[in-house]
Protein chains: 2
Amino acid sequence: MTLPAAELVTAIESVTRLMKQLSQGTGMSLTAAGVLSTLDRLGPHRLTELAASENVSQPAMTQLISRLGDAGLVERVADDADRRAVQLHITDAGRAQLAYRRRVKTERLEELLSGLDPKHHEALTAAIPAINALTDQAGALS
Amino acid sequence: MTLPAAELVTAIESVTRLMKQLSQGTGMSLTAAGVLSTLDRLGPHRLTELAASENVSQPAMTQLISRLGDAGLVERVADDADRRAVQLHITDAGRAQLAYRRRVKTERLEELLSGLDPKHHEALTAAIPAINALTDQAGALS
DNA sequence: TATTGTTATACTCTATAACTATA
DNA sequence: TATAGTTATAGAGTATAACAATA
């Protein structure tokens, strides 16, 4: 069987637009949300690691971490083993912000799902492990 | 059965990050690519329609269309029926640019898919119609 | 009056280059 | 020398407010 990579690319494009719509007005960039999500799911990381996982430059991540730090959503912790490095931790406020954003998106998605044929629900549910496997392939922190 | 909206939100977040990675270095913003894709798939549209479909403000779309016009990727065509409005058309160069971007993303995705279990392939293939149905729900132009 | 689109202005997010401090 | 991170600078992309032209 041929892999439907081209059709899948189109679907991914659509999903990305959907994501943008679900996130409207939650007051956080995609990258900022990604960083908080990574720190929440996978624990503290270095700035360089976060820059790589979000596909942005190191200076961009420095600035983002400054903003998130000013907002009290992450904390910088000195690394005793390597004094050039810092470890970034998510704070309770950061977790709360992340939870709020997820709640909004989940509600909006549920609204959309409610108008969908049950067979589509099943197909989406069945695809979740495959999506996770795919994104795991894509990057160490995914 | 309960709808796994929360798990689906997480999956969508991952897919969005994947999309960003697949698009690296193709020299176009997500919104710009979305506009070209819409004009390619669904034909000419008004600026206001494009702004709504990409969830950006009207001035942001004016500026984006200027950039795309300067790059020769879209053309502005006066609307004789309503002289306030313009119709935006994709050009041959726009289609070529879009095709290039799709080709890069498809190649990168195929690379990732090749490392995946066949059962995941099947699940992803089976989910494509559901994804399209979902994104159709989300917006008229999807 | 309402709608289509532009102009003016300012802020966020990003990249590249040059730098400091530590390994 | 190489790596972790910052500072400086500039450009892209965005929003809100105020506007002009047409419906």
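Each chain gets a letter, A, B and so on, in the order the sequences are listed, and its residues count up from 1.
If you find the closest nucleotide of DNA chain C to Leu88(B) and to Ala32(A), the one lying nearer the 5' end belongs to Leu88(B).
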* Under 4.0 Å protein heavy-atom contact, by nucleotide of nucleotides 18-23 of chain C - B base, S sugar-phosphate only -> ---BBS

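We find that CE of Met61(B) is positioned 8 Å from P of dT14(D), with the value rounded to whole Å. Here dT14(C) presents its P atom at 12 Å from CG of Leu30(B), a figure rounded to the nearest Å. Atom CD of Gln63(A) is separated from atom P of dT9(D) by 14 Å (rounded to the nearest Å). Rounded to whole angstrom, the span from the NZ atom of Lys20(B) across to the C1' atom of dC13(C) amounts to 10 Å. Between Gln24(B) atom CD and dA15(C) atom C1' there is a gap of 11 Å when expressed in whole angstrom units. In this structure, the CG atom of Asn55(A) is 15 Å from the C1' atom of dC13(C), given to the nearest Å. One interatomic measurement links the two molecules: CD of Gln58(B) to C1' of dT4(C), which rounds to 6 Å at whole-angstrom precision. As rounded to whole Å, 18 Å separates atom C1' of dG11(D) from atom CE of Met28(B).
Contact annotation: the side chain of Leu88(A) never approaches that of Leu68(A) to less than 4.5 Å [non-hydrogen atoms, C-beta and beyond]. Using a 4.5 Å heavy-atom threshold, the side chains of Arg102(A) and Glu13(B) count as touching.
Taking only side-chain nitrogens and oxygens, Thr48(A) comes nearer than 4.0 Å to OP1 or OP2 of dG5(D). One finds no side-chain N or O of Arg67(B) lying less than 4.0 angstrom from the OP1 or OP2 phosphate oxygen of dG11(D). In terms of phosphate contacts, Arg46(A) brings no side-chain nitrogen or oxygen within less than 4.0 Å of OP1 or OP2 of dG5(D). Between Thr31(A) and dT14(C), a side-chain N or O to OP1/OP2 separation shorter than 4.0 Å is present.
The salt bridge (charged side-chain N to carboxylate O under 4.0 Å, His left out) test applied to Arg84(B) returns Asp82(B), not counting sequence neighbours. Asp80(A) is linked by a salt bridge (charged side-chain N to carboxylate O under 4.0 Å, His left out) to nothing, counting only residues two or more places apart in sequence or in another chain. Residues that satisfy the side-chain hydrogen bond (donor to acceptor under 3.5 Å, both in side chains) test with Asp70(A), not counting sequence neighbours, are absent from this structure.
Across all strands shown, Ser57(B) has heavy atoms under 4.0 Å from base atoms, whether or not it also approaches the sugar-phosphate. Contacts of Thr62(A) with the nucleic acid, taken as non-hydrogen atoms under 4.0 Å apart, include base atoms.
The side chain of Val56(B) sits closest to dA15(D) out of dA15(D), dG13(D), dT14(C). Nearest nucleotide to the Ala60(B) side chain, out of dT14(D), dT14(C), dG5(C): dT14(D).
Cluster note: Val104(A) groups with Tyr100(A) through ILVMFWY side-chain heavy atoms spaced under 4.5 Å, whether in direct contact or through intervening members.
Every pair passing salt bridge (charged side-chain N to carboxylate O under 4.0 Å, His left out) that includes a residue from residues 50-63 of chain A is listed here, sequence neighbours excluded: Glu54(A)-Arg17(B).
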